[in-house]
Amino acid sequence: MTDDFRFTLRARDGGARLGEILTPRGAIRTPAFMPVGTAATVKAMYPGQVRELGADVVLGNVYHLMLRPGAERVAELGGLHKFMNWPHNILTDSGGFQVMSLAKLRKLDENGVTFQSHIDGSRHQLTPERSMEIQRLLGSDIQMQFDECVKLPCSHEEAERAMRLSLRWAERSRKAFGEQPGRACFGIVQGGAERDLRIESARALADMDFGGMAVGGLAVGEPQEVMLAMIETVMPHLPEHKPHYLMGVGTPDDLLQSVKRGIDMFDCVMPTRAGRHGLAYTRWGKLNLKNARHAEDPRPLDPTSSCPAARDYSRAYLHHLVRCQEILGMMLLTWVNLAYYQDLMAGAREAIAAGRYDDYLAQVKDNWTRDGEPG
């Protein structure tokens, strides 16, 4: 193992990249999907389950953890890894997106954002320095710069204002991060759906020598083709020897299309949120277990799956649990979905290593056309 933060690019297949991030806490195999553990828990999952599915890293969030239980309290209790019983890698989001989307009565200025908690109305301030201080207290292995994420669509002027503010905050975040051996701070490319702004942001961040590069401000309601166009726009300007992280994305197709274009890391609440609402992701497409057609179906979701939840429980039983809003239904379907997302990334890694990523993508997409029916 290493005492440093290190990224190694092991193979390429077109734009797709096979790599490995090494930290003192272990390896992150890329392309990687990071389950979202917003409030120090991946909802409806035991930490051991998440690890067994193949996750090398999970995500926590500054906004939620600063409100409950508080970063200082987590630090006093031994740090986030110990607090949530996850000894492996953790990435923390800076809180910027949640401030914009969840907080009440927020006020933004050059220094940062003052806002009221969506939980109890208490007043707080997040600045680049405070966001980095919270992430240091939590002890996360990958820490994100504080940025402003605009909603799309927006005007060129609004995208430019937020992008330039995010660049100034990036400089402050990088300085506040300081030197933390074995950890890394990632910059976040912003610029809305504007090619010129995305390029300018990527180039400026590359010059700041962050440990990794993220593409933010996408998967916020824009069509997939816009998201992919922005990835293609910025990719030539991201350092090749640094990991590339697409924030908040997305559907299985979003992931595979983005891997094809050079993205190494993903996070999204979609598989866990879908599982809590009765939607299963399988090799054969999506299944809504609320539908009455599953009520008398004795088949499992996927008899060949390595995930017990997909293999050992009937569709009829899962339908029953979902219709009764039983907690077990949420647990089983979250398990199914996270297993599928991890399998999807494992398959991508194998395909890149073998030089057959396009074939893998075509086969996976063909399977999705079967409406949950194998064979």
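All residue numbers in this chain count up from 1 along the given sequence.
Glu158 and Arg161 are joined by a salt bridge, as a carboxylate oxygen and a charged side-chain nitrogen come within less than 4.0 angstrom of each other. Ion pairing between a basic and an acidic side chain is recognised when a charged N comes within 4.0 Å of a carboxylate O; Asp343 and Arg283 show no such pairing. Using a cutoff of 4.0 Å between basic side-chain nitrogens and carboxylate oxygens, Arg17 and Asp13 are not scored as salt-bridged. A salt bridge is absent between Arg29 and Glu20: the closest approach of a Lys/Arg side-chain nitrogen to an acidic carboxylate oxygen does not fall below 4.0 angstrom. The pair Glu76-Arg73 fails the salt-bridge criterion, with no side-chain N (NZ, NE, NH1 or NH2) lying under 4.0 Å from an Asp/Glu carboxylate O. The pair Asp141-Arg183 does not count as a salt bridge, with every side-chain nitrogen at least 4.0 angstrom from each carboxylate oxygen. Contact check on Lys260 versus Asp358 returns a salt bridge, with a Lys/Arg side-chain nitrogen under 4.0 Å from an Asp/Glu carboxylate oxygen. Salt-bridge annotation for Arg164 and Glu200: present, with a side-chain N of the basic residue lying under 4.0 Å from a carboxylate O of the acidic one. Arg136 and Glu72 are not joined by a salt bridge, as no carboxylate oxygen comes within less than 4.0 angstrom of a charged side-chain nitrogen.
Remark: the His124 side chain and the Tyr63 side chain contain no N/O donor-acceptor pair separated by less than 3.5 Å. Arg198 and His237 are not linked by any side-chain donor-acceptor pair at a separation below 3.5 angstrom, with hydrogens and angles left out of the test. For the residue pair Arg172 and Asn111, a side-chain donor N or O sits within less than 3.5 Å of a side-chain acceptor on the partner. A donor-acceptor contact under 3.5 angstrom links the side chains of His156 and Asp196, judged on distance only. Donor-acceptor pairing under 3.5 Å is recorded for the side chains of Asn89 and Thr23. Side-chain atoms of Gln143 and Gln180 form a donor-acceptor pair, as typed in the model, at a separation below 3.5 Å. Between the side chains of Ser305 and Asp302, no donor N or O sits under 3.5 Å from an acceptor N or O. No side-chain donor-acceptor contact under 3.5 Å links Ser166 and Glu148.
Put simply, the side chain of His277 gets close to the backbone of Arg273: a donor and an acceptor are under 3.5 Å apart. Put simply, the side chain of Arg315 never gets that close to the backbone of Leu289: no donor and acceptor are under 3.5 Å apart. For His88 (side chain) and Ile28 (main-chain N/O), no donor-acceptor pair under 3.5 Å exists by modelled atom type.
Taking the six-membered ring wherever Trp is involved, the centroid distance between the rings of Tyr341 and Phe33 falls below 6.0 Å. Taking the six-membered ring where the residue is Trp, the centroids of His118 and His64 are separated by under 6.0 Å.
Contact of the Pro35 side chain with the Met45 side chain is not registered, since no non-hydrogen atoms from C-beta on lie closer than 4.5 Å.
Using the six-membered ring where Trp is involved, Phe186 and Phe5 have ring planes that are perpendicular, over 60° apart on the 30 and 60° scheme. By the 30° and 60° cut-offs, the orientation of the rings of Tyr313 relative to Tyr317 is parallel.
Heavy-atom contacts from other residues, nucleotides or ligands closer than 6.0 Å to CD of Gln325 number 12 or fewer. No more than 12 heavy atoms of other residues, nucleotides or ligands sit less than 6.0 Å from atom CD of Glu296.
Paired with Leu65 under the rule side chain to side chain contact (heavy atoms under 4.5 Å, CB included), one option of Ile134, Asp93, Leu138 passes, and it is Leu138.
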### Task
Evaluate side chain to side chain donor-acceptor pair (under 3.5 Å) for Gln363 paired with Asp359, printing each intermediate quantity in order.
CA-CA 6 Å; Gln363 182 62 61; Asp359 292 339; over 6 Å; no
